[in-house]
Amino acid sequence: MTGNLQSPSMKHYDVVVIGGAIMGASSVAWYLTENPDFNGNILVVERDLTYAQCSTGHTNSCIRQQFSTELNIKISQYAADFIKNIRCYMGGDARVLKLDIQNFGYMYLANTEGSADQLRRNQIVQKNVGAATQLMSGEAVTRTYPFYNVDDIILA
């Protein structure tokens, strides 16, 4: 364990968040404290009090939008906006770092017509909510990314 072990200051909490990474304290606990209808106490349990070894720090922290439902896409779009504008969400506090998102994208590959049809259906949903996804033929993938072997790829 890293950091200093701190004992809870109260005997009872209304909400206990297990894990303090981005999905734990950094999200759930923050939103609860910002909600004017919430008047409870929150305990965050995180084994690494420095957050240096938490789950979020060990990921590539990608936010993809290639989902098949509008809700999941909109959640990702909100998360990206939150990160880009975190200082504003945190009340304009100059101590909050300005974070940048580098857009690299994901590439899903289809080697059957059924999988290609699924990519086409998903891309329609994605475009309808503003995701900048695109479809590429196997030949287009080869032109853009010549290091990939896509001989059996119908659509990307």
Side-chain angles (χ1 to χ4, degrees), residues 1-5 15-35 42 44-156:
M1 180 182 308
T2 59
N4 296 322
L5 182 62
V15 175
V16 176
V17 180
I18 307 297
I22 198 165
M23 294 303 290
S26 299
S27 182
V28 174
W30 183 80
Y31 278 101
L32 281 173
T33 61
E34 291 297 305
N35 183 337
I42 304 168
V44 175
V45 178
E46 169 59 48
R47 66 180 163 195
D48 176 11
L49 301 180
T50 68
Y51 288 81
Q53 300 299 318
C54 71
S55 298
T56 302
H58 288 285
T59 69
N60 56 3
S61 300
C62 294
I63 303 171
R64 68 181 180 95
Q65 296 180 37
Q66 290 91 333
F67 293 103
S68 60
T69 65
E70 285 188 20
L71 178 61
N72 284 339
I73 298 164
K74 288 179 179 181
I75 289 169
S76 288
Q77 291 170 330
Y78 175 79
D81 178 70
F82 188 92
I83 290 168
K84 286 186 218 175
N85 299 295
I86 192 166
R87 184 177 289 167
C88 186
Y89 280 99
M90 298 291 170
D93 188 334
R95 296 174 296 173
V96 175
L97 297 175
K98 181 178 181 337
L99 302 175
D100 291 317
I101 292 179
Q102 298 177 4
N103 294 308
F104 297 108
Y106 281 78
M107 185 177 349
Y108 291 90
L109 305 172
N111 65 350
T112 67
E113 275 304 324
S115 296
D117 287 341
Q118 185 67 54
L119 288 180
R120 290 181 190 101
R121 286 190 301 272
N122 290 353
Q123 203 247 357
I124 291 169
V125 174
Q126 295 155 9
K127 284 265 189 205
N128 286 340
V129 292
T133 57
Q134 60 180 330
L135 296 174
M136 299 174 75
S137 66
E139 295 82 25
V141 172
T142 299
R143 284 191 304 276
T144 308
Y145 307 101
F147 44 86
Y148 285 136
N149 178 355
V150 293
D151 293 341
D152 62 338
I153 299 303
I154 298 169
L155 193 65

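Residue numbers run from 1 in the order of the sequence given. The structure presented is a predicted model; accordingly, all values stated were derived computationally and were not measured.
Contact between Ala29 and Val44 at its shortest, heavy atoms only, is CB-CG2, 4.0 Å. Phe67 and Gln126 get closest at one heavy-atom pair: O-NE2, 3.0 Å.
Note that the CH2 atom of Trp30 and the CG atom of Asn35 stand 10.5 Å from one another [nearest 0.5 Å]. Annotation: the span from Lys98 atom NZ to Ile86 atom CD1 amounts to 11.5 Å, rounded to 0.5 Å. Note that CG of Leu32 and OG of Ser27 are 9.0 Å apart. Values are rounded to the nearest 0.5 Å. In this structure, CE on Met136 lies 6.0 Å from CE on Met107, to the nearest 0.5 angstrom.
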Expected list for residues 140-156: side-chain donor-acceptor pairs under 3.5 angstrom, two or more places apart:
| unit_1 | atom_1 | unit_2 | atom_2 | d |
| --- | --- | --- | --- | --- |
| Thr142 | OG1 | Gly138 | O | 3.1 |
| Thr144 | OG1 | Ala140 | O | 2.9 |
| Asn149 | OD1 | Asp151 | N | 3.2 |

Throw together a table of side-chain donor-acceptor distances under 3.5 angstrom for residues 114-121, partners on residues two or more places apart or in other chains.
| unit_1 | atom_1 | unit_2 | atom_2 | d |
| --- | --- | --- | --- | --- |
| Ser115 | OG | Thr112 | OG1 | 3.0 |
| Asp117 | OD1 | Arg120 | NH1 | 2.8 |
| Gln118 | OE1 | Arg121 | NH2 | 2.8 |
| Gln118 | NE2 | Asn122 | OD1 | 2.8 |

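Using cut-offs of 30° and 60° for the angle between ring planes, the Tyr78 and Tyr31 rings count as tilted.
In this structure Lys127 satisfies the side chain to side chain contact (heavy atoms under 4.5 Å, CB included) test together with Gln123, sequence neighbours excluded.
Of the residues Val16, Val28, Thr33, the one that meets the side chain to side chain contact (heavy atoms under 4.5 Å, CB included) test with Ile42 is Thr33.
Counting heavy atoms from C-beta outward, Glu34 and Tyr89 have side chains that stay 4.5 Å or more apart. The closest side-chain heavy-atom distance from Thr69 to Val125 is not below 4.5 Å.
Distance alone, capped at 3.5 Å, is enough to place a donor-acceptor pair between the Arg87 side chain and the Val96 backbone.
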### Query
Please walk me through it: do Gln65 and Gln77 pass side chain to side chain contact (heavy atoms under 4.5 Å, CB included)?
CA-CA 7 Å; Gln65 296 180 37; Gln77 291 170 330; 3.2 Å; yes
